[in-house]
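Hydrogens, waters and symmetry mates are skipped; everything else that's a heavy atom, side chains included, is used. Nothing here was measured: the structure is a model prediction, and the numbers come from that model.
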Amino acid sequence: MYECPNCGSNLQYDIAAQQMLCSYCGTTADPYSLQEEPEFLERGEYEATVFTCSQCGAQLLSEDTTAATFCSFCSSPAVLESRVGKARRPARIIPFSKTKEDCKASYARMMRRAIFAPKELKDQAYIEKFRGIYMPYWVYDFEKKGKVSFRGSESRQKGDYLVTKHYDIVTEVDASYRGISYDAAADFSDELSSAVAPYEMNAGRPFTPSFLSGFYADAKDVESSVYRQDACELVAEEEAWQLSRNRTCARYHVKEEGNEEVMKNALRPSCTSAELAMLPVWFLSYRKGDRVAYAVVNGQTGKAAADLPVDRKKYVTGSLLLALPLFILLNLCFTITPGVSLFLAALLSFACAVISGAQTSRIRERELLENDKGYQSARGHGQTQQGRILGLSAGEIKLLQVVIGVVLMTIFMPIAVCIAVFRSDSGLAIVGALLISFALARVVTLERWRRPVRKGMFKDMLPAVAKPAAAILFAFVIMIWNPVSDLYYYGGAAVSMGAVIWTILDIIGRHNLLTTRKLPQLNRRGGDEDV
């Protein structure tokens, strides 16, 4: 806590003034004029009050000694335990430039588009709980200097032949990239930190703890090595894009498949520095039962992002209001036969099955935080499994989808032929078989070859697709049976649509699982080793 030199009250950093301000007498002071302990400066540390949540283990750092009344990460209302500790001193800090009122305005603009969000997320009492937190980030600088070579090609039509000439292109490069940032806190989701990026790193200032007065800070628990390769890839892609715009490179098609990877490898830069910085984030948590959702606002630019669950009642009401005029319009413009209505219901059931299966896989991935590198590294789980599986490229995946689609089509086509024998509208059956075959091919290849097969994945997926699958089977049985009475078709369509509505409600429930998270269990070890 910093004392006002005029009245002895508490000095806090004021965003509007960009100075330390005494709320009692109005005295202002330069943040750098407040002295620090020399021993902490020498050790590259600073002293702070460490608030620890007894429920989830989250830790927040502050220059103030006043008690924290709730936890930002699990929204627990309990007073947090506090102790005086030390933290690693960042090299830079970007002070808050967006006030809490600016933050609430950004959040309100975003929520105006979220018409199905629960009303609690728009309640003013809830929005008042936005808290300013400095999040730790690793900031990387890269450079690439020297001679590089890569491939290019030029094709020309010569009579009946297409003649292609291949070239080695050599050039000198002198490029530097500064201020590429990735969050260094395992508690802060990579998805949310990416959503509110970027920060303007030129606004960074040398760190001094006085900037934290009146705010909180999270502790660094992710090492710089975790994101260094990602930052390097990002720079290489940017360099390749910039160079491909050159007239000579454009002429020789250096961005064509095969050439681009060689070009990126040639342009791969060297990391010249990785510094720890504190960047401003307005942070808000929404808790319902044992789930929590977060909203964040960039404290420099005002860019907002949030986990937005859906209120089922609002969604159903809105869907009914939209469906009624659409139903009337379709009936006025088109004549829908009983067979077509049953086929459309089956097609909707199939779409629901695909969405449900994909959601189930995504939920497992989200619950285990498999794609959050910071969390995985901080918990000792190593690097996440991303990118290629079995060494297959994107082009090979597409070819595999076609092959599996053809194989599945040979399975479904006899069903279509059987329907064609009994029905006059066989075109629908054949189109349906083609759509189902290639859609399943895409789902299978994405699930099996793009992601590792997790234990219990298919067991979890079965309940998600059971209802729409039963509706599809029921519709196909009626189509093959081909009864005389239209009532069977309308009845089958009604049953299938009932399954669709039931499945959509399940999809909303799974969407809410995807947009909320399990209550964090950060399991800090205690003592000063974590900060």
Side-chain angles (χ1 to χ4, degrees), residues 315-316 319-320 322-324 326-361 401 404-444 446-447 458 460-511:
Y315 184 85
V316 171
S319 299
L320 290 174
L322 179 64
L324 188 59
L326 283 176
F327 177 78
I328 295 171
L329 182 65
L330 287 172
N331 275 278
L332 291 174
C333 299
F334 303 99
T335 301
I336 300 177
T337 65
V340 171
S341 64
L342 183 59
F343 174 77
L344 291 176
L347 205 59
L348 284 172
S349 298
F350 175 73
C352 288
V354 173
I355 294 170
S356 296
Q359 275 188 321
T360 302
S361 179
Q401 288 174 357
I404 294 181
V406 171
V407 172
L408 289 173
M409 189 175 65
T410 61
I411 297 172
F412 283 103
M413 196 52 72
I415 300 175
V417 171
C418 289
I419 296 173
V421 170
F422 290 102
R423 296 194 47 79
S424 60
D425 52 355
S426 57
L428 283 177
I430 294 172
V431 171
L434 290 171
L435 287 173
I436 290 172
S437 299
F438 284 99
L440 278 177
R442 180 171 174 77
V443 172
V444 168
L446 285 174
E447 291 300 324
F458 295 111
D460 289 346
M461 199 174 291
L462 186 60
V465 301
K467 289 187 282 292
I472 294 168
L473 180 62
F474 185 63
F476 269 99
V477 167
I478 293 175
M479 286 183 184
I480 295 172
W481 176 27
N482 192 23
V484 176
S485 176
D486 290 346
L487 292 176
Y488 289 97
Y489 289 96
Y490 288 124
V495 170
S496 295
M497 286 306 298
V500 167
I501 293 170
W502 193 357
T503 306
I504 287 174
L505 293 176
D506 289 344
I507 288 172
I508 294 171
R510 280 188 288 272
H511 169 81

So Val316 and Ile504, side chain to side chain contact (heavy atoms under 4.5 Å, CB included) or not? Walk me through it.
CA-CA 10 Å; Val316 171; Ile504 287 174; over 6 Å; no
Step-by-step side chain to side chain contact (heavy atoms under 4.5 Å, CB included) determination, Ser356 to Ile507
CA-CA 6 Å; Ser356 296; Ile507 288 172; 3.6 Å; yes
[X] to [Y] - nearest heavy-atom pair and separation:
| X | Y | value |
| --- | --- | --- |
| Thr503 | Arg510 | O-NH2, 4.4 Å |
| Phe474 | Gly492 | CE2-CA, 3.6 Å |
| Ala471 | Ser349 | CB-OG, 3.5 Å |
| Ala346 | Ala475 | CB-CB, 3.7 Å |
| Tyr488 | Ile478 | O-CD1, 3.6 Å |
| Leu342 | Ser496 | CD1-OG, 4.5 Å |

To the nearest 0.5 Å, tell me how far [X] [atom1] sits from [Y] [atom2].
| X | Y | atom1 | atom2 | result |
| --- | --- | --- | --- | --- |
| Tyr489 | Ser341 | OH | OG | 10.0 Å |
| Asp506 | Ile501 | CG | CD1 | 12.5 Å |
| Tyr490 | Met497 | OH | CE | 14.5 Å |

